[in-house]
2 protein chains.
Amino acid sequence: MARLKTHDEALRLRLINRAAATVFDRGTAALSLRRLAADVKTSTTAVYSLFGNKAGLLDSLYREAARLFVARLATVNSTDDPAADVIRLGEAYREYALANPHLYAIMFADRTVEYEPTPERKSEVGDTIAPLVDAVVRGQAAGQFKSGQPEVIALSCWGAAHGLVSLELSGNEPPGLDIADCYEATLRAVVTGWRRD
Amino acid sequence: MARLKTHDEALRLRLINRAAATVFDRGTAALSLRRLAADVKTSTTAVYSLFGNKAGLLDSLYREAARLFVARLATVNSTDDPAADVIRLGEAYREYALANPHLYAIMFADRTVEYEPTPERKSEVGDTIAPLVDAVVRGQAAGQFKSGQPEVIALSCWGAAHGLVSLELSGNEPPGLDIADCYEATLRAVVTGWRRD
DNA sequence: GAGCGATTAATAACGGTGTTACTGTTGGCG
DNA sequence: CGCCAACAGTAACACCGTTATTAATCGCTC
(Lines give C-alpha, C1' and ligand atoms only; values in the text may rest on other atoms or scores of the structure.)
Protein backbone atom coordinates (compact mmCIF):
# COMPACT_ATOMS: atom_id res chain seq x y z
CA MET A 1 0.00 0.00 0.00
CA ALA A 2 2.47 2.58 1.16
CA ARG A 3 5.79 3.12 2.83
CA LEU A 4 6.68 1.62 6.20
CA LYS A 5 5.41 3.39 9.29
CA THR A 6 8.14 4.83 11.48
CA HIS A 7 5.89 7.07 13.55
CA ASP A 8 4.99 4.10 15.68
CA GLU A 9 4.63 3.21 19.33
CA ALA A 10 8.39 2.93 19.80
CA LEU A 11 8.93 6.48 18.54
CA ARG A 12 6.03 7.62 20.68
CA LEU A 13 7.75 6.25 23.76
CA ARG A 14 11.05 7.84 22.86
CA LEU A 15 9.34 11.19 22.42
CA ILE A 16 7.46 10.84 25.70
CA ASN A 17 10.60 9.94 27.59
CA ARG A 18 12.64 12.74 26.10
CA ALA A 19 9.85 15.26 26.68
CA ALA A 20 9.39 14.07 30.26
CA ALA A 21 13.10 14.54 30.90
CA THR A 22 12.98 18.11 29.63
CA VAL A 23 9.82 18.99 31.51
CA PHE A 24 11.16 17.26 34.58
CA ASP A 25 14.05 19.64 34.97
CA ARG A 26 13.03 22.74 33.04
CA GLY A 27 9.24 22.84 32.88
CA THR A 28 6.67 22.83 30.12
CA ALA A 29 7.60 26.27 28.83
CA ALA A 30 11.10 25.03 28.05
CA LEU A 31 9.73 22.16 25.97
CA SER A 32 10.06 22.91 22.28
CA LEU A 33 8.54 20.54 19.76
CA ARG A 34 11.23 21.37 17.24
CA ARG A 35 14.03 20.67 19.67
CA LEU A 36 12.28 17.56 20.90
CA ALA A 37 11.95 16.22 17.37
CA ALA A 38 15.56 17.06 16.60
CA ASP A 39 16.78 15.39 19.80
CA VAL A 40 14.98 12.19 18.89
CA LYS A 41 16.20 12.58 15.31
CA THR A 42 12.84 12.80 13.66
CA SER A 43 10.73 15.68 12.37
CA THR A 44 8.06 17.79 13.95
CA THR A 45 5.56 15.90 11.84
CA ALA A 46 6.05 12.91 14.11
CA VAL A 47 4.86 14.85 17.14
CA TYR A 48 1.78 16.00 15.31
CA SER A 49 0.86 12.60 13.91
CA LEU A 50 1.39 10.92 17.29
CA PHE A 51 0.05 13.54 19.70
CA GLY A 52 -1.95 16.01 17.63
CA ASN A 53 -0.24 19.06 19.03
CA LYS A 54 1.72 20.28 22.03
CA ALA A 55 -1.29 20.06 24.30
CA GLY A 56 -1.72 16.43 23.30
CA LEU A 57 1.89 15.73 24.17
CA LEU A 58 1.49 17.42 27.54
CA ASP A 59 -1.67 15.44 28.10
CA SER A 60 0.32 12.25 27.66
CA LEU A 61 2.90 13.59 30.08
CA TYR A 62 0.08 14.34 32.50
CA ARG A 63 -1.00 10.71 32.37
CA GLU A 64 2.55 9.56 32.95
CA ALA A 65 2.95 11.93 35.88
CA ALA A 66 -0.32 10.74 37.37
CA ARG A 67 0.76 7.12 36.98
CA LEU A 68 3.97 7.77 38.94
CA PHE A 69 2.03 9.75 41.52
CA VAL A 70 -0.50 7.02 42.12
CA ALA A 71 2.29 4.47 42.34
CA ARG A 72 4.05 6.54 44.99
CA LEU A 73 0.93 6.91 47.13
CA ALA A 74 0.26 3.19 46.75
CA THR A 75 3.50 2.43 48.58
CA VAL A 76 1.84 3.72 51.75
CA ASN A 77 0.01 0.74 53.11
CA SER A 78 -2.95 0.90 55.43
CA THR A 79 -2.63 0.22 59.13
CA ASP A 80 -5.10 0.04 61.98
CA ASP A 81 -4.37 3.71 62.72
CA PRO A 82 -5.99 5.52 59.77
CA ALA A 83 -5.17 8.98 61.16
CA ALA A 84 -1.50 8.06 61.09
CA ASP A 85 -1.98 6.73 57.57
CA VAL A 86 -3.18 10.17 56.52
CA ILE A 87 0.01 11.71 57.88
CA ARG A 88 2.14 9.19 56.04
CA LEU A 89 0.22 9.73 52.82
CA GLY A 90 0.98 13.40 53.23
CA GLU A 91 4.67 12.68 53.60
CA ALA A 92 4.62 10.58 50.44
CA TYR A 93 2.77 13.37 48.68
CA ARG A 94 5.49 15.86 49.52
CA GLU A 95 8.27 13.47 48.63
CA TYR A 96 6.83 12.93 45.19
CA ALA A 97 6.36 16.64 44.60
CA LEU A 98 9.89 17.53 45.66
CA ALA A 99 11.39 14.70 43.62
CA ASN A 100 9.39 15.54 40.48
CA PRO A 101 8.54 19.22 40.75
CA HIS A 102 7.70 19.78 37.10
CA LEU A 103 5.68 16.62 36.70
CA TYR A 104 3.83 17.62 39.84
CA ALA A 105 3.27 21.04 38.31
CA ILE A 106 1.77 19.52 35.18
CA MET A 107 -0.84 17.83 37.31
CA PHE A 108 -1.68 20.56 39.76
CA ALA A 109 -0.24 23.91 38.84
CA ASP A 110 0.71 24.72 35.26
CA ARG A 111 -2.46 26.21 33.91
CA THR A 112 -1.24 27.98 30.84
CA VAL A 113 -2.60 28.47 27.37
CA GLU A 114 -0.28 25.68 26.34
CA TYR A 115 -2.08 23.09 28.39
CA GLU A 116 -5.38 22.87 30.16
CA PRO A 117 -6.20 19.31 31.26
CA THR A 118 -9.15 17.80 29.49
CA PRO A 119 -12.27 17.20 31.59
CA GLU A 120 -11.54 13.48 31.66
CA ARG A 121 -8.09 14.16 33.11
CA LYS A 122 -9.60 16.33 35.80
CA SER A 123 -12.06 13.65 36.78
CA GLU A 124 -9.14 11.25 37.07
CA VAL A 125 -7.48 13.50 39.63
CA GLY A 126 -10.12 12.52 42.11
CA ASP A 127 -9.05 8.92 41.72
CA THR A 128 -5.41 9.70 42.44
CA ILE A 129 -6.23 10.73 45.99
CA ALA A 130 -8.46 7.71 46.51
CA PRO A 131 -6.06 6.28 49.13
CA LEU A 132 -6.58 9.44 51.15
CA VAL A 133 -10.35 9.23 50.99
CA ASP A 134 -10.08 5.59 51.93
CA ALA A 135 -7.98 6.40 54.98
CA VAL A 136 -10.52 9.01 56.06
CA VAL A 137 -13.39 6.56 55.69
CA ARG A 138 -11.55 4.02 57.81
CA GLY A 139 -10.73 6.73 60.31
CA GLN A 140 -14.37 7.68 60.57
CA ALA A 141 -15.30 4.05 61.11
CA ALA A 142 -12.70 3.85 63.86
CA GLY A 143 -14.05 6.97 65.49
CA GLN A 144 -10.93 9.02 64.79
CA PHE A 145 -12.66 11.61 62.62
CA LYS A 146 -15.91 13.47 62.69
CA SER A 147 -18.68 11.91 60.63
CA GLY A 148 -19.94 13.53 57.48
CA GLN A 149 -18.74 13.50 53.89
CA PRO A 150 -15.30 11.88 53.94
CA GLU A 151 -14.40 13.82 50.78
CA VAL A 152 -14.57 17.04 52.73
CA ILE A 153 -12.01 15.89 55.28
CA ALA A 154 -9.87 14.41 52.54
CA LEU A 155 -9.97 17.67 50.62
CA SER A 156 -8.89 19.48 53.78
CA CYS A 157 -5.82 17.32 54.13
CA TRP A 158 -5.10 17.43 50.42
CA GLY A 159 -5.39 21.20 50.36
CA ALA A 160 -3.06 21.65 53.29
CA ALA A 161 -0.49 19.32 51.73
CA HIS A 162 -0.80 20.90 48.32
CA GLY A 163 -0.60 24.41 49.72
CA LEU A 164 2.54 23.91 51.71
CA VAL A 165 4.20 21.95 48.94
CA SER A 166 3.30 24.66 46.44
CA LEU A 167 4.70 27.39 48.63
CA GLU A 168 7.84 25.36 49.11
CA LEU A 169 8.27 24.66 45.39
CA SER A 170 7.67 28.26 44.42
CA GLY A 171 10.14 29.45 47.03
CA ASN A 172 7.56 31.44 48.95
CA GLU A 173 8.22 29.85 52.32
CA PRO A 174 9.29 32.34 54.95
CA PRO A 175 12.97 31.87 55.81
CA GLY A 176 14.18 30.57 59.13
CA LEU A 177 11.69 27.73 59.42
CA ASP A 178 12.28 24.00 59.15
CA ILE A 179 9.92 23.27 56.30
CA ALA A 180 9.71 19.54 56.86
CA ASP A 181 8.75 20.13 60.47
CA CYS A 182 6.16 22.74 59.54
CA TYR A 183 4.71 20.39 56.98
CA GLU A 184 4.31 17.54 59.41
CA ALA A 185 3.00 19.82 62.13
CA THR A 186 0.40 21.17 59.74
CA LEU A 187 -0.76 17.72 58.74
CA ARG A 188 -1.09 16.84 62.40
CA ALA A 189 -3.00 20.03 63.10
CA VAL A 190 -5.48 19.33 60.33
CA VAL A 191 -5.97 15.76 61.46
CA THR A 192 -6.40 16.93 65.03
CA GLY A 193 -8.86 19.58 63.92
CA TRP A 194 -11.05 16.94 62.30
CA ARG A 195 -10.98 14.67 65.34
CA ARG A 196 -14.22 13.60 66.88
CA ASP A 197 -14.68 15.82 69.91
CA MET B 1 20.29 68.16 24.71
CA ALA B 2 17.96 65.97 22.75
CA ARG B 3 14.37 65.42 21.77
CA LEU B 4 11.57 65.39 24.29
CA LYS B 5 11.12 62.25 26.37
CA THR B 6 7.85 60.45 25.76
CA HIS B 7 8.84 57.19 27.45
CA ASP B 8 8.02 58.72 30.77
CA GLU B 9 6.16 57.87 33.93
CA ALA B 10 2.79 58.50 32.35
CA LEU B 11 3.49 56.02 29.58
CA ARG B 12 4.79 53.60 32.16
CA LEU B 13 1.51 53.74 34.01
CA ARG B 14 -0.49 53.27 30.85
CA LEU B 15 1.57 50.21 29.98
CA ILE B 16 1.23 48.77 33.47
CA ASN B 17 -2.50 49.25 33.49
CA ARG B 18 -2.99 47.75 30.06
CA ALA B 19 -0.71 44.81 30.87
CA ALA B 20 -2.48 44.23 34.18
CA ALA B 21 -5.82 44.12 32.39
CA THR B 22 -4.57 41.50 29.97
CA VAL B 23 -2.90 39.38 32.62
CA PHE B 24 -5.94 39.79 34.82
CA ASP B 25 -8.22 37.97 32.45
CA ARG B 26 -5.93 35.90 30.26
CA GLY B 27 -2.71 35.29 32.19
CA THR B 28 0.95 36.11 31.65
CA ALA B 29 1.33 33.78 28.68
CA ALA B 30 -1.26 35.77 26.77
CA LEU B 31 0.65 39.00 27.34
CA SER B 32 2.53 40.00 24.21
CA LEU B 33 4.86 42.97 24.33
CA ARG B 34 4.17 43.79 20.70
CA ARG B 35 0.42 43.79 21.20
CA LEU B 36 0.79 45.72 24.42
CA ALA B 37 2.86 48.39 22.72
CA ALA B 38 0.42 48.59 19.83
CA ASP B 39 -2.56 48.87 22.19
CA VAL B 40 -0.97 51.80 23.96
CA LYS B 41 0.08 53.22 20.60
CA THR B 42 3.79 53.20 21.18
CA SER B 43 6.61 50.91 20.13
CA THR B 44 8.19 47.89 21.76
CA THR B 45 11.18 50.08 22.47
CA ALA B 46 9.13 51.81 25.15
CA VAL B 47 8.65 48.57 27.06
CA TYR B 48 12.35 47.85 26.96
CA SER B 49 13.46 51.31 27.98
CA LEU B 50 10.94 51.40 30.84
CA PHE B 51 11.01 47.80 32.08
CA GLY B 52 14.11 46.21 30.60
CA ASN B 53 12.30 43.17 29.30
CA LYS B 54 9.17 41.10 29.80
CA ALA B 55 10.37 39.80 33.14
CA GLY B 56 10.81 43.39 34.30
CA LEU B 57 7.28 44.21 33.25
CA LEU B 58 5.94 41.18 35.09
CA ASP B 59 7.97 42.18 38.12
CA SER B 60 6.16 45.52 38.13
CA LEU B 61 2.86 43.69 37.82
CA TYR B 62 3.91 41.52 40.75
CA ARG B 63 4.38 44.61 42.88
CA GLU B 64 1.00 45.92 41.83
CA ALA B 65 -0.66 42.59 42.61
CA ALA B 66 1.02 42.50 46.02
CA ARG B 67 -0.16 46.03 46.73
CA LEU B 68 -3.78 45.10 46.04
CA PHE B 69 -3.39 41.91 48.04
CA VAL B 70 -2.04 43.69 51.08
CA ALA B 71 -4.79 46.26 50.80
CA ARG B 72 -7.43 43.53 50.75
CA LEU B 73 -6.03 41.81 53.84
CA ALA B 74 -5.81 45.16 55.59
CA THR B 75 -9.59 45.51 55.39
CA VAL B 76 -9.85 42.73 57.96
CA ASN B 77 -9.53 44.50 61.26
CA SER B 78 -8.42 42.90 64.47
CA THR B 79 -10.86 41.94 67.17
CA ASP B 80 -10.49 40.48 70.64
CA ASP B 81 -10.96 37.01 69.13
CA PRO B 82 -7.72 36.46 67.17
CA ALA B 83 -8.68 32.91 66.17
CA ALA B 84 -11.77 34.29 64.46
CA ASP B 85 -9.57 36.94 62.85
CA VAL B 86 -7.52 34.18 61.29
CA ILE B 87 -10.65 32.69 59.76
CA ARG B 88 -11.72 36.05 58.40
CA LEU B 89 -8.26 36.69 56.98
CA GLY B 90 -8.59 33.36 55.24
CA GLU B 91 -11.91 34.38 53.73
CA ALA B 92 -10.41 37.63 52.49
CA TYR B 93 -7.50 35.66 51.06
CA ARG B 94 -9.84 33.48 49.03
CA GLU B 95 -11.95 36.41 47.90
CA TYR B 96 -8.92 38.19 46.53
CA ALA B 97 -7.68 35.09 44.74
CA LEU B 98 -11.03 34.36 43.13
CA ALA B 99 -11.51 37.97 42.13
CA ASN B 100 -8.01 38.33 40.65
CA PRO B 101 -6.95 34.83 39.69
CA HIS B 102 -4.15 35.83 37.35
CA LEU B 103 -2.72 38.49 39.60
CA TYR B 104 -2.81 35.93 42.38
CA ALA B 105 -1.04 33.50 40.09
CA ILE B 106 1.73 36.01 39.39
CA MET B 107 2.45 36.16 43.10
CA PHE B 108 2.15 32.53 44.07
CA ALA B 109 1.92 30.19 41.13
CA ASP B 110 3.25 31.19 37.73
CA ARG B 111 6.80 29.99 37.88
CA THR B 112 7.77 29.96 34.27
CA VAL B 113 10.88 30.84 32.39
CA GLU B 114 9.17 34.11 31.59
CA TYR B 115 9.15 35.24 35.15
CA GLU B 116 10.83 34.16 38.33
CA PRO B 117 10.42 36.69 41.14
CA THR B 118 13.61 38.35 42.22
CA PRO B 119 14.90 37.49 45.70
CA GLU B 120 13.74 40.88 46.98
CA ARG B 121 10.20 40.14 45.77
CA LYS B 122 10.23 36.83 47.57
CA SER B 123 11.31 38.42 50.82
CA GLU B 124 8.43 40.86 50.45
CA VAL B 125 5.95 38.00 50.33
CA GLY B 126 6.58 37.38 54.00
CA ASP B 127 5.42 40.90 54.71
CA THR B 128 2.16 40.44 52.86
CA ILE B 129 0.98 37.86 55.36
CA ALA B 130 2.07 39.98 58.30
CA PRO B 131 -1.56 40.44 59.42
CA LEU B 132 -1.84 36.68 59.74
CA VAL B 133 1.31 36.39 61.84
CA ASP B 134 0.04 39.24 63.94
CA ALA B 135 -3.28 37.49 64.57
CA VAL B 136 -1.45 34.34 65.58
CA VAL B 137 0.74 36.25 68.02
CA ARG B 138 -2.31 37.84 69.57
CA GLY B 139 -4.01 34.45 69.67
CA GLN B 140 -1.06 32.97 71.50
CA ALA B 141 -1.13 35.82 74.01
CA ALA B 142 -4.83 35.17 74.54
CA GLY B 143 -4.18 31.49 75.09
CA GLN B 144 -6.03 30.44 71.94
CA PHE B 145 -3.04 28.84 70.24
CA LYS B 146 -0.19 26.68 71.32
CA SER B 147 3.01 28.56 72.10
CA GLY B 148 6.06 28.32 69.89
CA GLN B 149 7.11 30.10 66.73
CA PRO B 150 4.04 32.02 65.53
CA GLU B 151 5.38 31.83 61.97
CA VAL B 152 4.87 28.08 62.01
CA ILE B 153 1.18 28.36 62.87
CA ALA B 154 0.77 31.21 60.40
CA LEU B 155 2.40 29.13 57.68
CA SER B 156 0.01 26.31 58.48
CA CYS B 157 -3.00 28.52 57.96
CA TRP B 158 -1.49 30.16 54.90
CA GLY B 159 -0.66 26.80 53.36
CA ALA B 160 -4.16 25.45 53.90
CA ALA B 161 -5.71 28.57 52.40
CA HIS B 162 -3.30 28.63 49.49
CA GLY B 163 -3.74 24.93 48.82
CA LEU B 164 -7.51 24.95 48.66
CA VAL B 165 -7.57 28.15 46.65
CA SER B 166 -5.04 26.71 44.22
CA LEU B 167 -7.02 23.54 43.78
CA GLU B 168 -10.15 25.58 43.23
CA LEU B 169 -8.52 27.90 40.69
CA SER B 170 -6.98 25.04 38.77
CA GLY B 171 -10.26 23.18 38.70
CA ASN B 172 -8.95 20.22 40.62
CA GLU B 173 -11.60 20.24 43.29
CA PRO B 174 -13.60 17.03 43.44
CA PRO B 175 -17.15 17.59 42.20
CA GLY B 176 -20.17 17.47 44.42
CA LEU B 177 -18.72 19.50 47.25
CA ASP B 178 -19.58 23.00 48.37
CA ILE B 179 -16.18 24.55 48.02
CA ALA B 180 -16.85 27.58 50.17
CA ASP B 181 -18.01 25.34 52.98
CA CYS B 182 -15.01 23.06 52.63
CA TYR B 183 -12.73 26.07 52.68
CA GLU B 184 -14.19 27.48 55.86
CA ALA B 185 -14.32 24.06 57.51
CA THR B 186 -10.66 23.53 56.70
CA LEU B 187 -9.66 26.86 58.17
CA ARG B 188 -11.56 25.99 61.32
CA ALA B 189 -9.95 22.57 61.46
CA VAL B 190 -6.46 24.04 61.22
CA VAL B 191 -7.21 26.65 63.86
CA THR B 192 -8.73 23.98 66.09
CA GLY B 193 -5.71 21.75 65.51
CA TRP B 194 -3.40 24.48 66.78
CA ARG B 195 -5.49 25.18 69.86
CA ARG B 196 -3.89 25.00 73.24
CA ASP B 197 -4.98 21.65 74.67
C1' DG C 1 9.78 -6.30 -13.81
C1' DA C 2 7.80 -1.48 -14.66
C1' DG C 3 4.59 1.80 -13.52
C1' DC C 4 0.96 3.53 -10.86
C1' DG C 5 -1.50 5.03 -6.68
C1' DA C 6 -1.78 5.62 -2.12
C1' DT C 7 0.25 6.42 2.17
C1' DT C 8 3.79 8.17 4.85
C1' DA C 9 7.31 11.58 6.46
C1' DA C 10 10.44 15.52 5.90
C1' DT C 11 10.78 20.23 4.36
C1' DA C 12 9.36 24.66 3.81
C1' DA C 13 6.23 28.29 4.78
C1' DC C 14 3.14 31.22 7.86
C1' DG C 15 2.17 34.00 11.54
C1' DG C 16 3.47 34.81 15.92
C1' DT C 17 6.83 35.67 20.02
C1' DG C 18 10.88 38.29 22.83
C1' DT C 19 14.81 40.76 21.95
C1' DT C 20 18.34 43.62 19.74
C1' DA C 21 20.54 46.35 16.18
C1' DC C 22 19.86 49.94 13.32
C1' DT C 23 18.03 54.18 11.35
C1' DG C 24 16.05 58.44 11.35
C1' DT C 25 14.18 62.20 13.90
C1' DT C 26 14.48 65.88 17.17
C1' DG C 27 15.95 69.06 20.17
C1' DG C 28 19.60 72.32 22.75
C1' DC C 29 24.07 74.39 22.45
C1' DG C 30 28.31 76.27 20.47
C1' DC D 1 22.99 77.85 11.36
C1' DG D 2 24.91 73.43 11.92
C1' DC D 3 26.39 69.87 14.72
C1' DC D 4 25.75 66.20 17.93
C1' DA D 5 23.80 63.56 21.25
C1' DA D 6 19.68 61.65 23.09
C1' DC D 7 15.75 59.41 21.79
C1' DA D 8 12.03 56.54 19.56
C1' DG D 9 10.34 53.74 15.81
C1' DT D 10 11.44 50.18 12.30
C1' DA D 11 13.39 46.27 10.84
C1' DA D 12 16.03 42.21 11.61
C1' DC D 13 17.20 37.88 14.18
C1' DA D 14 16.33 33.61 16.19
C1' DC D 15 13.09 31.22 17.97
C1' DC D 16 8.24 29.11 18.70
C1' DG D 17 3.69 26.10 17.34
C1' DT D 18 1.32 24.85 13.49
C1' DT D 19 0.10 23.75 8.71
C1' DA D 20 0.62 23.18 3.75
C1' DT D 21 3.51 21.37 0.44
C1' DT D 22 6.68 18.37 -1.47
C1' DA D 23 9.31 14.23 -1.70
C1' DA D 24 9.96 9.40 -0.84
C1' DT D 25 8.57 4.74 -0.32
C1' DC D 26 5.93 0.67 -0.46
C1' DG D 27 2.17 -2.86 -2.50
C1' DC D 28 -0.47 -3.94 -6.19
C1' DT D 29 -1.62 -4.43 -11.04
C1' DC D 30 -0.45 -5.02 -15.72
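So that the names make sense, note that chain A is the first sequence line, chain B the second, and so on, each numbered from 1.
Summarising the geometry, the separation between NZ on B/K5 and C1' on D/dG9 is reported as 15 Å, rounded to the nearest angstrom. One atom, CG of B/L50, and another, P of C/dT19, lie 14 Å apart when rounded to the nearest Å. Between the P atom of C/dG16 and the CG atom of B/L36 lies a distance of 17 Å, rounded to the nearest Å. Here D/dT10 presents its P atom at 13 Å from NZ of B/K41, a figure rounded to the nearest Å. Rounding to whole angstrom units, NE2 of residue B/H7 and C1' of C/dT25 are separated by 13 Å. Going from atom CZ of A/R3 over to atom P of D/dG27 covers 13 Å, rounded to whole Å.
Contacts between residues 11-23 of chain B and DNA chain C, defined by a heavy-atom separation below 4.0 Å, involve no residue at all.
Using modelled atom types, one finds a donor on one side chain and an acceptor on the other under 3.5 Å when comparing A/N172 with A/S170.
Ion pair B/R138/B/D134 flagged as a salt bridge, since at least one NZ, NE, NH1 or NH2 atom sits closer than 4.0 Å to an Asp/Glu carboxylate oxygen. Between B/R67 and B/E64, at least one side-chain N (NZ, or NE/NH1/NH2) sits under 4.0 Å from a carboxylate O, which counts as a salt bridge.
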For nucleotides 18-20 of chain D, print each protein N/O atom paired with a nucleotide N/O atom at under 3.5 Å, atom names and distance only.
from   : atom 1 : to    : atom 2 : distance (Å)
D/dT18 : OP2    : A/Y48 : OH     : 2.9
D/dT18 : OP2    : A/K54 : N      : 2.9
D/dT18 : O5'    : A/Y48 : OH     : 3.2

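Relative orientation of the B/H162 and B/Y104 rings is tilted, given thresholds of 30° and 60° on the angle between their planes.
The main-chain N or O of B/F51 is never found under 3.5 Å from a side-chain atom of B/R12 such that the two would form a donor-acceptor pair.
Neither OP1 nor OP2 of C/dA9 sits under 4.0 Å from any side-chain N or O of A/T42.
At a threshold of 4.5 Å between non-hydrogen side-chain atoms, the residues B/Y62 and B/T118 do not count as touching. Between A/L36 and A/T22, the closest side-chain pair of non-hydrogen atoms is not below 4.5 Å.
One hydrophobic cluster, built from ILVMFWY side chains closer than 4.5 Å, holds both B/L68 and B/F108.
In the helix from C/dG1-D/dC30 to C/dG30-D/dC1, the end axes, each obtained as the rotation axis mapping the C1' atoms of four pairs onto the next four within a five-pair block, lie 50° apart to the nearest 10 degrees.
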